[in-house]
Amino acid sequence: MNERQGFLDRHHFLLRRLHSLTGILPIGVFLIAHLTTNSSLAWGKYGLRAEGHGVPLVDGGVMYFNKEVAWINTQVPHLLLIEITLWASILFHSVLGVYYATTGRSNTARYPFQDNWRYTLQRISGYIGVAFIFYHVATLRWGWTFLVPGGTQWSHEFSASTLIAALQGSTGGWTPVGLAVSIAYFLGVSLLVFHFANGLWTAAITWGLTISQQAQRRWGVVCSAVGVGLMLAAWSALGAVFVGDYEAARAVEVRMLKDKYGEDHLNEVLEKQVPPHAAESQASVLSTD
Amino acid sequence: MSGAYAHEYNAETRRANRQRAKPGRSIILKIKRCDGPGKPSRWESFKVPVEPGSNVISCLKYIASHPVTTDGKRTTPVVWDSGCLEEVCGACTMVINGRVRQSCSCLIDEYAPDEGDTLTLEPMSKFPVIRDLWVDRERMFHALRRVKAWVPIDGTYNLGPGPKESPEHQQMRYALSECMTCGCCLEACPQYLQESDPEKWDTSFIGAAAINQVRLFNEHKTGKRLKADRLEALMGPGGITDCGNAQNCVKVCPKGIPLTESIAAVGRSTTVHAFTRFFKGR
Ligand code: SF4
Ligand code: SF4
Ligand code: FES
């Protein structure tokens, strides 16, 4: 028995339960907060109260979302600590999860029960989910713009417009690569919501909260409701991004910055922003040639 | 050997088949054969006449006295294991038409109602094959020892009257006690894989049957003296934590044992045990 096996074996139970726990806290709780924030792109107009009167639905979404993102980035204390805890938890949950998943052999062909499909899908959604989260965080949070079609750099001052450009593939509307990225987002987020809802259901068995079949069924209804709710939140956010327009969203954001900081600061922000998109700078290079 | 069999799992279909089955017909038994441990396996088919009420064992007995394949080739009799012939010992468990079950209680009328229908027999895949359809379930008995699935009384002195038991509790435990160590729950479990090296049996997944026995004996008034030992055994590698909640086990258990409830109940015990151990020490 090598050193690593020894460690894993000695703390087997603790690690397994921590794996289960981290999926709910902090990862699951964060997922709920994150998807709720995102969904405001769709319903934000109604969250604006008086400010939202007479504002078109799409602009209202951009305004509310932008406010929330600004709040998170400027008001939430210990943001970096929260982020690091989250990244560490996701890393822990993913590495152990993939390792645990390799201990099973799916057999849905012979035993095509619904629960058995759930079991298999939980593992598939885990694998794909890890890849998706990595792409998502690396591109939009760590700024690995070489992986973003059009090279868009996401920024929290222009949260909605840069998101639209990153998913549609350019600042000027849809591109084929953008379509691929958008499909990946749709699949990735849907699978992760399933993974969370199903994980919430099985965690109750693992920890021994739901024992009888009736209790497991009742908790299943609760978890399905959570899943459906989060699915709707995720899809509405994506829907808003898919129908969104880069220029229109950016105009709303510029207006908001101007209202908040005045003309001078606005120029500072605009200058500081990394030349936003390779596509645009390429275009200008071509035109000066 | 896959989803093609799905319709046969349905109890409705099986009942309907039984009603329309033609008497005096012959069916084909397609059997996965193997001459011994480590030997390659091969398929052989046999034509077998059936009567109403024939089951897989009676067909295997026919083959034992007429070991001739459908190609007219003379072969060795097919080997299988059985004991009670009434679905209480578990020895005759095999994979029939892709799904694990007892062969003694498997009525041909339900699975092959028409002339020339084929029934497929395979040994269980999670245990080492001894020969043909006969497998070695020793790992299951090892699992029972691993979790001390017994009541600790050595019989050397008088223990006095037994503890009182309510009828409800007795009913609950009775359902758990019906396990016949047949292995269906393990054959269907995606987390239970074949392990032919006995050295590894202490750390490879123990499976639903033994977890259920832990619940049974921990619920026993005298048996619970070993509760902590049993839980500790289940908290290590290959213990209850390795269950992936696919819940196939409960669907294939021929005794209808509420295995997933047992898994959750023992899960709760291990949670409580872990916290107690952390704060109180051993
Ligand atoms: S629990 Fe059921 S399926 Fe598993 S060994 Fe016992 S009787 Fe067989
Ligand atoms: S619930 Fe656990 S023991 Fe039962 S089949 Fe699934 S993984 Fe195996
Ligand atoms: S022979 Fe005992 S269960 Fe079939």
Side-chain angles (χ1 to χ4, degrees), chain A residues 1 4-21 96-97 99-123 126 198-217 219-220 223, chain B residues 1-7 9 95 97-100 122 125-126 187-194 202-205 215 231-232 234-252 258-275 277-278:
Chain A
M1 198 181 283
R4 186 180 60 92
Q5 270 301 330
F7 177 82
L8 289 178
D9 284 357
R10 260 181 289 124
H11 303 286
H12 183 83
F13 189 78
L14 180 67
L15 289 171
R16 282 281 192 164
R17 287 296 162 94
L18 279 178
H19 175 251
S20 172
L21 182 68
L96 279 190
Y99 171 61
Y100 294 152
T102 58
T103 63
R105 294 271 183 291
S106 169
N107 59 6
T108 42
R110 285 213 157 170
Y111 300 95
F113 309 128
Q114 192 194 321
D115 288 314
N116 203 17
W117 278 107
R118 271 195 315 88
Y119 165 91
T120 305
L121 200 52
Q122 185 71 357
R123 278 137 190 84
N198 185 48
L200 203 56
W201 186 72
T202 53
I205 299 173
T206 303
W207 290 80
L209 292 176
T210 53
I211 292 183
S212 71
Q213 233 153 56
Q214 295 92 300
Q216 292 187 10
R217 207 171 307 128
W219 182 239
C223 294
Chain B
M1 263 359 71
S2 61
Y5 295 127
H7 64 283
Y9 302 171
V95 177
N97 273 9
R99 185 171 172 178
V100 69
E122 294 163 77
S125 64
K126 304 292 173 78
E187 176 69 14
C189 172
Q191 289 291 119
Y192 194 91
L193 308 177
Q194 182 170 157
D202 275 328
T203 49
S204 43
F205 184 40
R215 185 185 184 201
L231 295 178
E232 296 271 339
L234 281 187
M235 286 161 71
I240 188 169
T241 48
D242 294 23
C243 162
N245 291 303
Q247 306 207 330
N248 288 352
C249 50
V250 72
K251 298 191 183 72
V252 299
L259 293 171
T260 44
E261 296 191 3
S262 290
I263 290 168
V266 176
R268 177 181 288 186
S269 300
T270 54
T271 305
V272 172
H273 183 75
F275 276 106
R277 197 175 63 181
F278 184 84

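No experiment lies behind these values; they were computed from the predicted model shown. Numbers restart at 1 for each chain; the letters A, B, ... are given by sequence-line order, proteins then strands.
Atoms CZ and CD, on A:Phe13 and B:Glu232 in that order, are 10.0 Å from each other to the nearest 0.5 Å. Within the model, atoms CD1 of B:Ile240 and CD1 of A:Ile205 stand 10.5 Å from one another, a figure rounded to the nearest 0.5 Å.
Heavy-atom distances place no part of A:Leu14 under 4.5 Å from chain B, backbone and side chain included. At a 4.5 Å heavy-atom cutoff, the contact between B:Thr270 and chain A is made by backbone and side-chain atoms alike. Contacts of B:Val95 with chain A are made by side-chain atoms alone, with heavy-atom separations under 4.5 Å and no backbone atom involved. In this structure, no portion of A:Thr120 lies under 4.5 Å from any heavy atom of chain B. Of the atoms belonging to A:Trp117, not a single heavy atom falls under 4.5 Å from chain B. Interface remark: A:Gln216 contributes side-chain atoms only to the contact with chain B (heavy atom separation under 4.5 Å). Contacts between B:Cys243 and chain A at a heavy-atom distance below 4.5 Å are absent for every atom of the residue.
Among all heavy-atom pairs drawn from B:Ala188 and A:Asn107, the shortest one is O-ND2, 2.9 Å. Closest approach of A:Thr103 to B:Leu193, counting heavy atoms only: O-CD1, 3.6 Å. Nearest approach of B:Met235 to A:His12, heavy atoms of both residues: O-CD2, 3.6 Å.
Under the 3.5 Å distance criterion, the side-chain polar atoms of A:Arg105 are left unmatched by any main-chain donor or acceptor of B:Tyr192. Of the possible donor and acceptor atoms, none in the side chain of A:Asn116 sits under 3.5 Å from a partner among the backbone N and O of B:Gln247.
For chain A, the option among B:Ala274, B:Gly238, B:Pro190, B:Ala246 with the highest count of heavy-atom pairs below 4.5 Å is B:Pro190. If you tally non-hydrogen atom pairs under 4.5 Å between each of B:Val272, B:Thr271, B:Asn248, B:Thr260 and chain A, the highest count goes to B:Asn248.
Between B:Val250 and A:Asp115, every side-chain heavy-atom pair lies at or beyond the 4.5 Å cut-off. B:Val100 is listed as a side-chain neighbour of A:Tyr111, based on a closest heavy-atom distance under 4.5 Å. Considering only heavy atoms from C-beta on, A:Thr206 comes within 4.5 Å of B:Asn245 through its side chain.
Under 4.0 Å is where a charged nitrogen must lie from a carboxylate oxygen, and between A:Arg217 and B:Glu261 no such pair does.
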List the steps, then state whether side-chain hydrogen bond (donor to acceptor under 3.5 Å, both in side chains) holds for B:Thr241 with A:Arg17. CA-CA 8 Å; B:Thr241 48; A:Arg17 287 296 162 94; over 6 Å; no

